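Here is the structure we will look at.
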Amino acid sequence: MMKNSASKERLLSHQRSSDPAYIRSSPTPTTTTRRKFSDSDSDSKIQFSLEHAFGDSDFVPAGTFSARLKTWSHGGQTLTKLRFSRNAFTQAEKGNFEKLLIGDEFYRIRLPSNVLSPPGRDYVVSSVKARCLPREGLDEHFVIHMEGVNILAVNYGAPGACPYPRQMKLPAKWSFNSHTVLKNSEQAPRTPVFAEEQLGENGEGEAVKPPERSFWAKYWMYLIPLGLIVMNAITQAMNMPEEQATGQAGAQQGAAVQRGPSPAVRRR
């Protein structure tokens with residue numbers, strides 16, 4: 001009897017497993033997936049233009065900066081992942097740049113002071129002598145100092161020194177090698193990072209020396225303590241004769257008291 005009941009159970013189980021209705025109604029294990037939200041969900045892509053001018057000419061578009069605008073939970077905004085695309089020089093621009101090289105004049109660039117404001121508002125301007133840029137190509141370096149979405153300053157020049165006198169040299173390739181650095185800071189630097197050396201235009205290329213400070217301005221922190229020491233020594237030296245005189249007078253008085261009055265000479 002037990003064998004018959006066991007065989008019936010196996011048969012019933014086999015029928016249930018092959019029944020489509022039973023398969024549809026049987027519970028299936030469920031899995032939950034979590035979507036990970038990253039900081040990039042609050043990012044947006046922005047672009048702002050670079051403009052350039054040759055000497056005193058008007059500014060015209062020269063390239064495009066693109067970046068990610070990150071909005072933080074506290075409401076602040078910063079730029080990240082800065083990229084730059086330079087426009088190639090046209091034939092007219094090559095001629096204008098050659099004139100700058102011949103005359104040793106300035107090549108100017110400018111950026112909007114606020115990367116979210118429409119063009120035509122305030123700008124941040126920087127410049128460099130055109131002769132500082134040509135090497136194998138045209139090497140340029142941007143250091144952009146920002147506070148939020150505001151550009152506080154831009155240091156523009158060649159990645160390296162530009163000694164005086166500057167040599168007249170045409171680039172072997174009319175293509176730019178551009179390097180960009182983005183710095184978020186609280187205030188703009190007082191001295192440019194990539195400014196050319198301040199050299200005197202005196203024909204000899206000598207650097208303009210800062211004004212010489214006086215001897216007192218250089219060494220006052222050493223002279224004051226030394227003066228106090230000397231004054232203290234002089235005061236002690238002046239007080240020594242008075243102390244010696246006072247000491248001698250006191251010694252004489254003490255000796256007189258100890259001896260007492262001399263006895264009178266008895267006469268016979």
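Being a predicted model, the structure only gives us computed values, none of them experimental.
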- Task: First locate atom CG of Leu50, then atom CZ of Phe59, and finally report the distance between them rounded to the nearest 0.5 Å.
- Result: 9.5 Å
- Query: Is Arg86 paired with Glu140 through a side-chain N to carboxylate O contact shorter than 4.0 Å?
  - Reply: yes
- Parallel, tilted or perpendicular for Phe65 and Phe142, by the 30°/60° rule? perpendicular
- Message: Can you see whether Phe106 has Lys129 sitting over its ring - NZ or CZ less than 6.0 Å from the centre and within 45° of the normal?
- Response: yes
- Would you please indicate if the ring centroids of Phe89 and Phe176 are separated by under 6.0 Å? yes
- Task: Say whether Met168 and Phe54 are linked into one hydrophobic cluster, either directly or through other cluster members, by side-chain heavy-atom distances under 4.5 angstrom.
- Result: yes
- Between Leu79 and Leu182, which heavy-atom pair has the shortest distance, and what is it? O-CD2, 3.4 Å
- Under 30°, 30 to 60°, or over 60°: which ring-plane class applies to His52 and Tyr107, parallel, tilted or perpendicular? perpendicular
- Shortest non-hydrogen contact from Ala161 to Arg135? O-NH2, 3.8 Å
- Between His145 and Asn155, do the side chains contain an N or O donor and an N or O acceptor separated by less than 3.5 Å? yes
- Any side-chain heavy-atom pair from Ser126 and Arg110 closer than 4.5 angstrom? no
- Message: Rounded to the nearest 0.5 Å, what separates atom CD in Glu98 from atom CG in Leu100?
- Response: 10.0 Å
- Give a yes or no on this: more than 12 heavy atoms of other residues, nucleotides or ligands lie within 6.0 Å of atom CG of Asn232. yes
- Task: Would you check if the side chain of Asn96 reaches a backbone N or O of Ala92 as a donor-acceptor pair within less than 3.5 Å?
- Result: yes
- Message: Can you confirm whether Lys94 is buried at NZ, in the sense that more than 12 heavy atoms of other residues, nucleotides or ligands lie under 6.0 Å from that atom?
- Response: yes
